[in-house]
There are 2 protein chains.
Amino acid sequence: MIDALAEAGKAYACGEIPIGAVVEKDGIIIGRGHNLTETLKDPTAHAELIAIREAAKTLGGWRLLDCNLYVTCEPCAMCAGAIVWSRMSKIFIGTMDPKGGACGSVFNIIQEERLNHFVEIEVGLMEEECSGIMKTFFKELRLRGSKWDKQKEPGLTK
Amino acid sequence: MIDALAEAGKAYACGEIPIGAVVEKDGIIIGRGHNLTETLKDPTAHAELIAIREAAKTLGGWRLLDCNLYVTCEPCAMCAGAIVWSRMSKIFIGTMDPKGGACGSVFNIIQEERLNHFVEIEVGLMEEECSGIMKTFFKELRLRGSKWDKQKEPGLTK
């Protein structure tokens, strides 16, 4: 999760919502990503999707079997869908997102029986740090009086 | 939908599950995509995601306001999530996917009140053709006795 947090830091430095993710297999990180939706002007450029794509490239196939994803904030529906498609084994979540999360909050896509792939979840790994960087980001935005799309702001649990 | 079907034909020609999508704004197609998960070895390379990314590039921003998506088969959770993130207005679906669809079948992500963005849906546009190309594809696969990941096969309604 330390590496996922480092990715979140990179997003923060770019003025992006600070969410980071890494994909790990056998103790080695095979994919990294941080949120780049504004920078790339791409609604799909979430940390998890970027990390999953990089991991698939590293392994040379789309099935990320026996891989784990570490992500600082609960994945949205898009990313949760990608986690299911890539056949990930387990995900470790820093902090939950009750407003838009799709791994237990609004939906639980990665543990839906009808999708035929079940992903294990562990929540709360470095929660303080993962939610802290988000809170700082949004606090600073508000202080600067920046225009912000409220719909994108997660409702952090901590 | 004719253009989305043409995209599905391209996927078919590549040996991919034949699903195609286009994004339209003011009567002009600004993004096209067809399923390329096997070819690109990328679990996120679904028709809709590729079309959405191309449309965002065309418009120079991630908000696809006043845009419509035409897709031959009901989007999965990942693609439905991307449709919400990109603020699409309406989607036209050829055929539903009761086994994995996330626009009314397994989930209805694009009309979930808690996500703060509501996308209109119209189902059944050229349904016969959209489901026909999928059925042909899977029938041919079975005849060839190819190994196939059954989890990826949609349960078409028609």
Side-chain angles (χ1 to χ4, degrees), chain A residues 23 33 36-46 48-64 67 75-88 97-103 105-110 112-117 149-153 155, chain B residues 23 33 36-46 48-64 67 75-88 97-103 105-110 112-117 149-153 155:
Chain A
V23 177
L36 282 172
T37 45
E38 300 289 341
T39 310
L40 299 180
K41 302 179 193 306
D42 176 355
T44 74
H46 284 197
E48 302 93 313
L49 246 69
I50 294 170
I52 286 171
R53 254 183 241 143
E54 194 178 288
K57 220 171 171 178
T58 305
L59 294 185
W62 60 261
R63 287 173 188 83
L64 305 184
C67 290
C76 71
M78 176 179 71
C79 296
I83 289 164
V84 171
W85 280 117
S86 62
R87 310 277 189 267
M88 200 75 70
D97 172 12
K99 278 169 70 180
C103 300
S105 292
V106 180
F107 304 100
N108 192 347
I109 288 167
I110 66 173
E112 168 58 52
E113 276 182 22
R114 285 169 293 174
L115 296 187
N116 288 325
H117 182 72
D149 186 342
K150 282 295 285 181
Q151 284 173 261
K152 289 182 77 178
E153 187 167 347
Chain B
V23 177
L36 282 172
T37 45
E38 300 290 342
T39 309
L40 299 181
K41 301 179 194 308
D42 177 353
T44 74
H46 284 197
E48 303 93 314
L49 245 69
I50 295 170
I52 286 172
R53 253 184 243 143
E54 194 177 289
K57 218 170 172 180
T58 306
L59 294 184
W62 60 261
R63 288 174 187 81
L64 304 184
C67 290
C76 71
M78 174 178 73
C79 295
I83 289 163
V84 171
W85 281 117
S86 61
R87 311 277 188 269
M88 201 76 68
D97 172 12
K99 279 170 69 180
C103 300
S105 292
V106 179
F107 303 100
N108 192 347
I109 289 167
I110 66 173
E112 167 57 51
E113 275 181 23
R114 287 170 291 174
L115 296 186
N116 288 325
H117 182 73
D149 186 343
K150 282 293 288 179
Q151 287 174 259
K152 289 182 76 180
E153 187 167 347

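Naming convention: chains lettered A, B, ... in sequence-line order (proteins, then strands); numbering from 1 in each chain.
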Within residues 39-46 of chain B, which residues come under 4.5 Å of chain A, heavy atom to heavy atom? B:Lys41, B:Asp42, B:Pro43, B:Thr44, B:His46

For the CG atom of A:Leu64 and the CH2 atom of A:Trp85, what is their distance to the nearest 0.5 Å? 13.5 Å

State the CE-CD1 distance between B:Met88 and B:Ile52, to the nearest 0.5 angstrom. 4.0 Å

For B:Glu112, give me all partners under side chain to side chain donor-acceptor pair (under 3.5 Å), at least two apart in sequence or on another chain. B:Arg114

Any side-chain to backbone donor/acceptor pair from A:His117 onto A:Ile83? Under 3.5 Å, distance only. no

Calculate, to the nearest 0.5 Å, the distance between atoms CD and CD1 belonging to A:Glu54 and A:Ile50 respectively. 9.5 Å

So which part of B:Ala82 gets closer than 4.5 Å to some heavy atom of chain A, the side chain, the backbone, both or neither? both

Below 4.5 Å, heavy-atom pairs only: which of A:Cys76, A:Ala55, A:Ala80 has the largest tally toward chain B? A:Cys76

When only pairs under 4.5 Å are counted, which of A:Cys79, A:Ala102, A:Gly60 shares the most heavy-atom pairs with chain B? A:Gly60

As an exercise, state the distance from CE of A:Met78 to OG of B:Ser86, rounded to the nearest 0.5 Å. 9.5 Å

B:Ile109 vs A:Ile109, side-chain contact (heavy atoms from CB on, under 4.5 Å): CA-CA, chis, key distance, verdict: CA-CA 10 Å; B:Ile109 289 167; A:Ile109 288 167; 3.6 Å; yes

